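Both ligands and their constituent atoms are indexed starting at 1 by order of listing. Numbering of residues begins at 1 and proceeds along the displayed sequence. Computed from a prediction, not measured in an experiment: that's the story for all the values here.
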Amino acid sequence: MKLKIACLQMDIAFGNPEKNYQNAEKLIEAAASDQPDIIVLPELWTTGYDLTRLDTIADKGALQTIEFLKNAAKKYNVNFVGGSVANRDDKGVKNTLLIINREGELSSEYSKLHLFKLMDEHLYLEAGCEKGLFKLDNHAFAGVICYDIRFPEWIRAHTTEGAEALFVVAEWPAPRLSHWRNLLIARAIENQCFVIACNRSGSDPNNQFAGHSLVIDPWGEIIAEAGADEEILTAEIDLKLVGEIRKQIPIFEDRRPDYYK
Ligand SMILES: NC(=O)CCC(=O)C(=O)O
């Protein structure tokens, strides 16, 4: 039930997928030396928020990134919550989270449901329409993307279906660092689940990003927190704690959904 996690809090090169693949390769190799069970990457890690150039830099069908992560998963025997990529198909570009298991298979995908207007996502991206539930090593998890954490009802829709840990991949700007920390802690407490949140570091032409990737337990205690710069944040989580806390304060039994949606 114990899982070792490594969050790659990358500094993302703006609009430069090749440079980002190289950096990710280096960080994955370094993280793998500690034999983690799950490596997590941030949001839009191949392109950053270079949205005006998605026509040329988005990953068609996310195929290049899927191949990249599959190879790394097999090489290092590790699962990936592989961050999100700008994923182009005939209808447009989605912001898609990729889940790759340690056998090197694409186990699941989730496209960001809530588009963030403050960073122009609605002008360049298509929203997803499915939940981010997935399984790795037989454990039930959920994955969401950045702005999604402002929608507690969306996260709840995953934990009522059994998710024991919530993975969040993000490009969260520094001016709202306090929102990032408080929202993530709140999601952990109200859902009695682990929260593993991987943000990026560095800056792009429009934003300075916060870093401060976090691993939070189901009691709302911070187990590990990164600084502002590029780093690999590691932590060990014990999923047994989820059942214990849900038994102690049985909120999922005590809910009154007839009175609220
Ligand atoms: N990339 C994002 O979705 C950013 C969300 C954000 O900054 C917020 O305040 O919410």
Assign the ring pair Trp154 / His114 to parallel, tilted or perpendicular, where the plane angle (0 to 90°) is split at 30° and 60°.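 Rings of Trp154 and His114: perpendicular, as their planes differ by over 60°.
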Ring-plane angle category for Phe141 and His139, please: parallel below 30°, perpendicular beyond 60°, tilted otherwise. tilted
Residue pairs passing the ring pair (Phe, Tyr, Trp, His ring centres under 6.0 Å) test where at least one lies in residues 54-86, sequence neighbours excluded: Tyr21-Phe68, Trp45-Phe68
Between Glu230 and Asn23, does any side-chain donor sit less than 3.5 Å from a side-chain acceptor?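 Yes, because at least one side-chain N or O of Glu230 sits under 3.5 Å from a partner of the opposite role on Asn23.
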Could you name each residue pair satisfying side chain to side chain donor-acceptor pair (under 3.5 Å) that touches residues 3-12, not counting sequence neighbours?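 Sorted result for residues 3-12: Gln9-Ser213, Asp11-Arg200.
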Phe14 meets the ring pair (Phe, Tyr, Trp, His ring centres under 6.0 Å) criterion, sequence neighbours left out, with none
At less than 4.0 angstrom from any atom of ligand 1, which residues have a non-hydrogen atom? List them by chain and residue number.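 Contacts of ligand 1 under 4.0 Å: Glu43, Tyr49, Lys112, Phe116, Met119, Cys146, Tyr147, Arg150, Glu171, Trp172, Pro173, Arg176.
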